[in-house]
Amino acid sequence: MSDISLEDIASLAKRRGFIYQGSEIYGGLAGTWDYGPLGVTLKRNIVNAWWKFFVESRDDMYGIDSAILMNPKVWIASGHVAGFTDPLIEDTKTKKRFRLDHLLEDAGVDVKGMDLAAMVAAVQEKGLKSPDGNDLANPASFNLLFQTNIGAVEDEASTVYLRGETAQGMFTNYRNIIDSFYPDVPFGVAQVGKAFRNEISPRDFIFRVREFEIAEFEYFIHPDKWEELFERWRTQMHKWCEEVLGLPADKVHELEVPPEDRAHYSKRTIDFEFDFPFGKKELYGLAYRTDFDLLNHQRDSGKNMEYRPKDGSAPFVPHVIEPTFGVDRTLMAVMCNAYTEDQIGGEKRVYLKLPKDLAPVKACVSPLLKNKPELVSKAREVYDMLKRELGAVMWDDNGNIGKRYRRQDEIGTPACVTIDFQTLEDGTVTVRNRDTAEQTRFKVEELKEHV
RNA sequence: GCGGGUGUGGUAUAACGGUUAUUAUUCCAGUUUUCCAAACUGGCGACGCGGGUUCGACUCCCGCCACCCGCACCA
């Protein structure tokens, strides 16, 4: 198989109605992408599979869907207003930008609690130069949280943030879940939804974007159990990748994130990386968030975040294990992994070897010839029946049969059902397999078990 | 944000400072076709946006936008 490029994927994604550039008719908006009919179905199938795997099939998981706009105090308590900000400073000669706090730390300055002005003062005091040896100027804070305003007046009191992660919705609802469901610890609160980050430079198609979907859960535990439960979720995440998404184990890698690279809330983090066409890049994260968030919210909200075990043992503020899954990245990994080229009848063929459960179209129904009314009407019957059964079924009578097969190959449809003259005689149809191109005859009545 | 590259129908592309912007494919309507992108006929469809130079700009210049590559960033 030849190497595939991002352009191959992006081109197919657009041509076949998976993903379009956001705001395309106005020249686009960097870091935004729109999902077309097949893309949204594929994404929804992935999300549904995730929900089933991590939420529905378990009895310790509680799903929620919290608001994207939250009281700004949430983001102050979580540390995102302060911690999600990068102070950047510019090399006056090369115009390169550097993390001001990193430069100061390298120079032996303790930057904790310093604001931008204090850091700039420290630069002057130390006579600090850029790593390239030039003068530094134009410091600026760069916060990854998008801001907007509630109400008509744009003042500080009306500033709210678009959530930079969905996790905070789980923390702010932690007490609600306990009051409604009185679960035993450990238990999890799960959510799938949009998050927003004002990335400096969006990159690599839908990989790094400013608006994206996250599926994640906060698993509330007793702190004594963190290592054991961390391992359990680590295993489950691999299982998800391999068994549900069909990603080969040798394409999914773990990266133990060193302390200096971890998020402000994390005591241990493992990144799950995938071999994308553009390199080995982060797909998922598994973080031990400790009691960082609940303690912060307890402090700032004044609400008690302790959990009281039913056996009467000592109350405690639970710690949290957080597996987090980029949905768009998952879709991209699945598409890249599914993209396959081979030869059929001497002709090159491109097809998406998608797992059946994820494929946006489950089956395509065609009459062998479209100018034979008896074939067309029989095919319509079969189509209507399958459509009722499976929903995601497509009708195609365009061109010739080979063309239709190829078209379905490109969008990853696992099965093509063809109605031919024999159908009229004995009520059997052919089912053509996407991966092998082999055809098997089945009775119409048994069809739904074979597609 | 820095540096480099690219921007022409849905996709992939050609050419040109000056007639109606090339080709393939897709798509639509038909003819044909008894299982893997067959053939034929007809049709729709494009110069990223904004300025400038010029008698005239898709083409040259400037700005912007977007995408790709390298760096930086990625709590």
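Everything numeric here is computed off the predicted structure, so don't read it as measured data. FYI, side chains are in, hydrogens and waters are out, and symmetry mates aren't considered; it's all heavy atoms of this structure. Per chain, numbering begins at 1; letters A, B, ... match sequence-line order.
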*Below 4.0 Å: OP1/OP2 of U11(B) and any side-chain N or O of Lys14(A)*: yes
_Distance check, P atoms only: C67(B) and U26(B), in whole angstrom units._
29 Å
*List for me each residue that meets salt bridge (Lys or Arg N to Asp or Glu O under 4.0 Å) alongside Glu410(A), sequence neighbours excluded, and say none if there are none.*
Arg15(A), Arg16(A)
*If only side-chain N and O atoms of Ser366(A) are considered, is one of them under 4.0 Å from the OP1 or OP2 phosphate oxygen of C35(B)?*
no
*Looking only at atom C1', what distance separates C47(B) and C16(B), rounded to whole Å?*
12 Å
_Spacing of the P atoms in U6(B) and U13(B) (rounded, Å)_ = 14 Å
Write down the protein N/O and nucleotide N/O pairs, taken from nucleotides 1-7 of chain B, whose separation is under 3.5 Å; answer none if there are no such pairs.
from	atom 1	to	atom 2	distance (Å)
G1(B)	O6	Ser201(A)	OG	3.1

_Taking only side-chain N and O atoms of Asn400(A), does any of them lie within less than 4.0 angstrom of OP1 or OP2 on U32(B)?_
no
*Which whole-number value in Å describes the distance from Arg432(A) CZ to C35(B) P?*
15 Å
*Provide the distance between the two C1' atoms, one in G45(B) and one in G10(B), to the nearest whole Å.*
9 Å
*In plain terms, say whether Glu211(A) and Lys194(A) are close enough for a salt bridge, that is, a side-chain N and a carboxylate O under 4.0 Å apart.*
yes
*Applying a 3.5 Å limit to both distances, which nucleotide forms a Watson-Crick or G-U wobble pair with C73(B)?*
none
*What interatomic distance, in whole Å, is found between C1' of C69(B) and the corresponding atom of U22(B)?*
29 Å
*Results of side chain to side chain donor-acceptor pair (under 3.5 Å) for Gln168(A) - residues two or more places apart only*: Glu165(A), Asp293(A), His297(A)
*Under the side-chain contact (heavy atoms from CB on, under 4.5 Å) rule, collect the residues that match up with Leu375(A), sequence neighbours excluded.*
Pro367(A), Leu368(A), Leu369(A), Lys372(A), Ile419(A), Phe421(A), Leu424(A)
*Quickly work out the Glu425(A) CD to U34(B) P distance and round it to whole Å.*
15 Å
*Find the distance Asp204(A):CG to C69(B):P and express it as a whole number of Å.*
5 Å
*Kindly assign one of parallel, tilted or perpendicular to the pair Phe230(A) and Trp226(A), based on the angle between their ring planes and the thresholds 30° and 60°.*
perpendicular
*Could I get the full list of salt bridge (Lys or Arg N to Asp or Glu O under 4.0 Å) partners for Asp328(A), not counting sequence neighbours?*
none
Pairwise N/O distances under 3.5 Å, protein to nucleotides 22-25 of chain B:
none

_Out of C68(B), A75(B), C36(B), whichever nucleotide has its closest atom nearest the side chain of Gln439(A)_ = C36(B)
